[in-house]
**Q** 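Sharing a structure, written as structure tokens. Questions coming.
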Amino acid sequence: MNVIVCLKQVPGTTDVKVNPQTNTLIRQGVENVINPFDTYALEEGVRTKERYGEGKVTAMSMGPLQAEAVMREAISLGADEAVLLSDKAFAGADTWATAYTLAQAINKIGQHDIIICGRQTIDGDTGQVGPELAEILEIPFVAYVSQIEEIADGRIRVQRMVEEGHEVIESSLPAVITVVKEINVPRLPSLRGITRSKSAPVAIWSAREIGVDESRVGLAGSFTKVIKVFFPQRVSQSEVFQGEMESQVDCLIDRLKDTGLT
Amino acid sequence: MEYFLTEEQKTIKDLARKIAEERVLPVRAELDETEDFPRAIMKYLADADMFRVFIPEEYEGLGGGCLELCLVVEELSRVCAAISTCYAVNALGCYTLIEFGTEEQKRKYLPDIAAGRRLTAFALTEPTAGSDAGAIKTTAEKVNGGYMLNGTKQFITNGGEAEIYTVIALTDKTRGARGASAIIVEKDTEGFSFGKTEKKMGIRASATRELIFRNCFVPEENLIGREGAGFLMAMKLFDRSRPGIGAQALGIAQGALETAVDYTRQRIQFGQPLISLPVVQDILGDMATHIEASRALIYAAARTVDSGAKNLTEVSAMSKVFASDVAMKVTTDAVQICGGPGYMRDYPLEKMMRDAKITQIYEGSNQILRNAIAIETRKRKGRT
Amino acid sequence: MGIEIDFEQCTGCGNCEPACPFGLLEVVDDKVRLKEGCTLCSACQEACPVDAILIEAAPAAETTSDEHRGVWVFAEQRHGQLKDVAYELLAEGRALADILQTDLSAVCFGHNITEINQLVAHGADKVYLVDSPELAENLDDLYTQQFIELIQEYKPEIVIAGATSLGRAFIPRVAAVLKTGLTADCTGLDIDPENRLLQQTRPTFGGNIMATIICQARRPQMATVRPRVFKKNTPEAGRKGQVIKLDFDRERITAKTKLLNFVKDLTETVKIEEADVIVSGGRGLGKAENFKMLDELASVIGAAVGASRAAVDEGWIPYSHQVGQTGKTVCPKLYIACGISGAVQHLAGMQTSDVIVAINDNPDAPIFEAATYGIVGDLFKVVPMLTEKLKNG
């Protein structure tokens, strides 16, 4: 069973602080980690390999060179190999360009039975790379997998979470699945795993090495473009409503609607 | 302070902290309430190779020494001293085996202990033999092909939960402490059962139980070292393990300090955070200073143990006595400056205060140890 | 491609430092230095007085095909029932279509869908309906291919869909095959009338930053929108519209995956540590039966029910609901604290929630300091009123 797990390096917290003077993110002291949702993907990849024997788990990420640290973390958590796709040409990629780049690297690796992604990242929050990857690779896709029931004879049977329950879905392999956090409890690294990860090689592939068309990766290959980045209006302090009870309740509902919460 | 830890030691400390914060912290209060043995957490520690830390490399360990063990214990205790107790007692339970066991014995037991598959315990204390450990009454009578054990051990940590017990029993009743031997008894051996489970003031999630031996036969290959060396081995063992108790006390104190700082920064009284009051700063300053002094002493003591030095009694006793007294004082003060909330079970401080107390008592009460230190001091006429 | 700093020009004035929303620029030794993680948003470029920051723009956009016209809304249904998000998107889609002076169409797949005319009443000019027993369940594969076919045939310029678990799973696949841009979880949509571009605004970095995104060269422009972001319009009963029924061609459209079984989740208990919205009760509730009031509010807004230690200790609700130091730590998008005073230990378990609403009759309760919004009043009046209003609106 050869598994490829796609990971992203993200800031270690969604609770990113904003400097009120400059309106910029405070990055100091926020260490980079494996996107939490991806840790479930990695754990499931490692468990799948352990369950079905042989083969290997390859962790793959696209990002700056400093992402090598999280690739080593992936090795300490059970990945056999790690591939980091890093090139100036990849900068500014939207989800399609990211999926395209990953797809080309996956094609370069060749043999794989299953590709596992987290359901979304905690920084971008789009959840689009997994499904886009499947379409670019032209292989089946199942989202929100909460359990891998069985893998046999080139087919996989999974449970997939939907709003009112779960569906049991069967697919041929290779396939891409995205997993939800209900699927497992990721292991912690072991001392021996950490030691191993320190000396294990992390392959770093550039655009040329994957053989991608540079006009299709990074910002150049992105269909979407960010034209403006700004800070949402913040509620400075507690707002305690005044007036008649009913108008207070109305105020509250308005505020919640403004923030899209109800 | 710079303690010049190696990369490997830092890795061990960091991982122990991660386990403590991610796996122990969420269940700490619940375990304290229910007094359930933390099986799941022992499994996490095993999976993270924490039981390998104190086992030699030849037996699937990582070959760490006293300092490495202290680092793990400190970090676990910072969050929950009951967890560190369940963990650290394994080192106690297999140390005599590592030091005095035969190759065959080591091959048989150590890889399982390293992997965390089997927990261990050490059994010395009896109803009549506490600080006066030489007064033990449990006997191991030599019979054909082995020993027949009879007697009761009291207050045994990991009792009932461990699979492998190192039991100190008299093979020669006539010689008192000099007639004691160390014998391995495995759980489920006929004639070996468990008695009362103690209800404790602190470290409540750790198991403390009576071991009862009624005509319990063990084969002679279970004898560690030679007959009559048991008491001496136990004393040597404690010389090496006491910095670990110090590390436990250190961790508790560190956790209490952090909680107190956290609370006093947030708590507003008289229009300002408590931490800005000089009287509170005075106490916090003392807490921090004592903790650092205790850390310096423990690490130094642990390094002395690891250096292969012969006479360890004094330095190891000092580290345990000092750190445990600091822990008791720091936790008491932490409860004090946090006032009402500090006293409530909603907050972790009262638990830390309860947990700290045992570190002044077990593995040699601080009074007995001070006597020991005084004897050593007298021997060298107070000189360094 | 990318960002370059012209050190000949750079004076190290530092104007660009605060301009970067990600804090990636830093002036060191009178020259600006860029850390990794640049998204090429160009905020710094605007701030630079000497034009020392060069961002190589994407190659000139391919000419946008002019044949794409019309705004489409994917009208999601489940077991024949249209979802609210369909109506919400129609309201927004109507506004966009009006600016563009074009048609608004709803696209609906399923079987035996009731009230299909409601789509027209809510603003659709056309409804493309593919009704087939094969589509009775939401089958991603079939939906993906069917939607691609329709888009390729009718060429809309904008497609919006709900960011539901279905939408988030299959819409990216549609976009990937059509090789067009897709923006997830938009909270605001706007049109630049000059070039008919859809300006899609979405939160990122856990809501700390908003980004406005366009898709210049590809069509359709696609976006997903979270349920409850837009308000639905009042339906217009007599509104005229065309329902176009299309055949589902099972020969051509095949599934790579197979649905074997659907298991309805019978235990509806939401785990509080995973819930997006939590309604929590404390000592102020007075007795166990009063938690029913919170259950009602929770069921209206799809929330889990939490509790303070006081309420758990009184035995009003099981421990598994407890939030705080000795209970669970939660970080929902919305936390509504009812009759909870806000002891430090409780705050420790929930203070990182995105929005905290406090309802308490004691104006001095510490919970109000942690709260984003507060109502000082009798919770036995406030909570039922809130429930009622949310239910009806």
Side-chain angles (χ1 to χ4, degrees), chain A residues 14-16 18 22 24-27 64 66 88-89 91-92 96 123-128 131-132 135-136 140-144 162-171 218-220 223-232 235 238-241 245-246 248-249 252-253 255 259-262, chain C residues 1-2 18 20-23 36 39-41 43 58-59 165 168-169 172-173 176-177 180-184 187 204-206 208-215 218 226 228-229 256-265 301 333-334 352 355 368 371-375 377 381-382 385-386 389-390:
Chain A
T14 49
D15 183 27
V16 192
V18 175
T22 60
T24 56
L25 288 184
I26 298 170
R27 287 240 165 161
Q66 49 166 308
K88 233 175 101 184
W96 194 91
D123 56 351
D125 260 338
T126 71
Q128 290 178 184
E132 289 178 334
E135 288 302 328
I136 295 169
F141 173 73
V142 186
Y144 307 125
V162 290
E163 269 107 352
E164 312 87 340
H166 68 264
E167 296 173 343
V168 181
I169 290 181
E170 192 185 72
S171 164
L219 187 63
F223 300 139
T224 59
K225 188 179 167 213
V226 177
I227 52 164
K228 194 168 96 183
V229 174
F230 60 101
F231 288 90
V235 188
S238 309
E239 185 183 359
V240 177
F241 302 114
M245 179 77 64
E246 183 157 4
Q248 288 194 39
V249 171
L252 174 64
I253 291 171
R255 293 289 191 285
T259 43
L261 286 169
T262 60
Chain C
M1 279 313 303
C20 176
F22 304 101
E36 296 219 58
T39 63
L40 307 176
C41 76
S165 57
R168 291 185 62 139
R173 301 172 60 186
V177 172
T180 190
L182 167 65
T183 307
T187 53
T204 178
F205 278 94
N208 284 288
I209 289 184
M210 305 298 289
T212 303
I213 292 165
I214 55 165
C215 171
R218 299 285 179 152
R226 284 245 169 112
R228 298 189 296 275
V229 166
K256 292 177 191 164
T257 59
K258 198 162 109 192
L259 175 68
L260 299 179
N261 194 10
F262 170 71
V263 182
K264 201 170 158 66
D265 194 357
I301 57 177
K333 293 194 169 64
L334 173 61
T352 55
V355 172
F368 285 113
T372 324
Y373 306 115
I375 293 182
K381 293 196 181 110
V382 177
M385 194 187 287
L386 187 61
K389 281 177 187 280
L390 287 169

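Chain naming here is simple, since letters A, B, ... match the order of the sequence lines and numbering starts at 1 in each.
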**Q** Which atoms of A/V229 are under 4.5 Å from chain C, going by heavy atoms: the side chain, the backbone, both sets, or neither?
**A** both
**Q** Top residue by heavy-atom pair count (under 4.5 Å) with chain C, among A/V226, A/V168, A/I169, A/V240?
**A** A/V168
**Q** Which heavy atom of A/P131 sits nearest a heavy atom of C/A169, and at what distance?
**A** CB-O, 3.7 Å
**Q** With a 4.5 angstrom heavy-atom cut-off, is it the side chain or the backbone of A/L252 that approaches chain C, or both, or neither?
**A** side chain
**Q** For the residue pair C/Y373 and A/F241, categorise the inter-ring angle as parallel (less than 30°), tilted (30 to 60°) or perpendicular (more than 60°).
**A** parallel
**Q** Work out which heavy atom in C/T180 is nearest to a heavy atom in A/F223; give both atom names and the distance.
**A** C-CD1, 3.4 Å
**Q** If you take all heavy atoms of A/E135 and C/V177, which pair is closest and at what distance?
**A** OE1-CG2, 3.2 Å
**Q** Kindly compute the distance separating CD (A/E167) from CG (C/L259), expressed to the nearest 0.5 Å.
**A** 5.0 Å
**Q** What option among A/P140, A/G92, A/G127 has the most heavy-atom pairs under 4.5 Å with chain C?
**A** A/P140
**Q** Examine whether an atom of C/T187 lies under 4.5 Å from a heavy atom of chain A, and if so say whether it belongs to the side chain, the backbone or both; otherwise answer neither.
**A** neither
